[in-house]
Amino acid sequence: MEILNIILIVLLVITSIFLTLLILMHKGKGGGMSDMFGGGMSSSLGSSGVAERNLNRFTTLMAIIWGACIILLGLITRFNA
């Protein structure tokens, strides 16, 4: 069980880094914190290209893996104690 715990922690760290980078790569949609600092000038608010859709899909996949790691680590901790 210890090796599974180590694998999940490593996977959690890797997905956390990738998830942070992927979220930062998204375009700002306006109306939020980005407007306060001058990032609110966007020409195409509603449309997104193929790259943006693929980025959304990959971000969602990373978020699902990240959440699954947290849930599995919690279950392992709960039932090992």
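Computed from a prediction, not measured in an experiment: that's the story for all the values here. Heavy-atom basis, side chains included; hydrogens, waters and symmetry copies ignored.
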ask   = Is the closest side-chain heavy-atom distance between I71 and L75 below 4.5 Å?
value = yes

task = Taking all heavy atoms of L8 and all of L72, pick out the closest pair and write down the distance.
result = CD1-CB, 3.7 Å

ask   = Which heavy-atom pair separates L22 from M62 by the least distance, and what is that distance?
value = CD1-CG, 3.7 Å

query = Should V10 and L12 be counted in the same cluster of Ile, Leu, Val, Met, Phe, Trp and Tyr side chains packed under 4.5 Å apart?
reply = yes

ask   = Hey, quick one: are F79 and I7 part of the same hydrophobic cluster, counting side-chain heavy atoms closer than 4.5 Å, chains of contacts allowed?
value = no

inquiry  = Is it true that R53 and N56 share a donor-acceptor pair across their side chains at a distance under 3.5 Å?
reply    = no

key: Within one Ile-Leu-Val-Met-Phe-Trp-Tyr cluster: F58 and I23, side-chain cutoff 4.5 Å   = yes

inquiry  = Rounded at 0.5 Å granularity, tell me how far CG in L11 sits from OG in S16.
reply    = 9.0 Å

key: Spacing of M25 atom CE and L55 atom CG [to the nearest 0.5 Å]   = 5.0 Å

key: Among T20, I14, V13, T15, side chain to side chain contact (heavy atoms under 4.5 Å, CB included) partner for I17   = V13

message = Just verifying a value: how many Å separate E52 CD and T59 OG1, rounded to the nearest 0.5 Å?
response = 8.5 Å

query = When clusters are formed by joining ILVMFWY residues with side-chain heavy atoms under 4.5 Å apart, either directly or through shared neighbours, do L4 and I65 land in the same one?
reply = yes

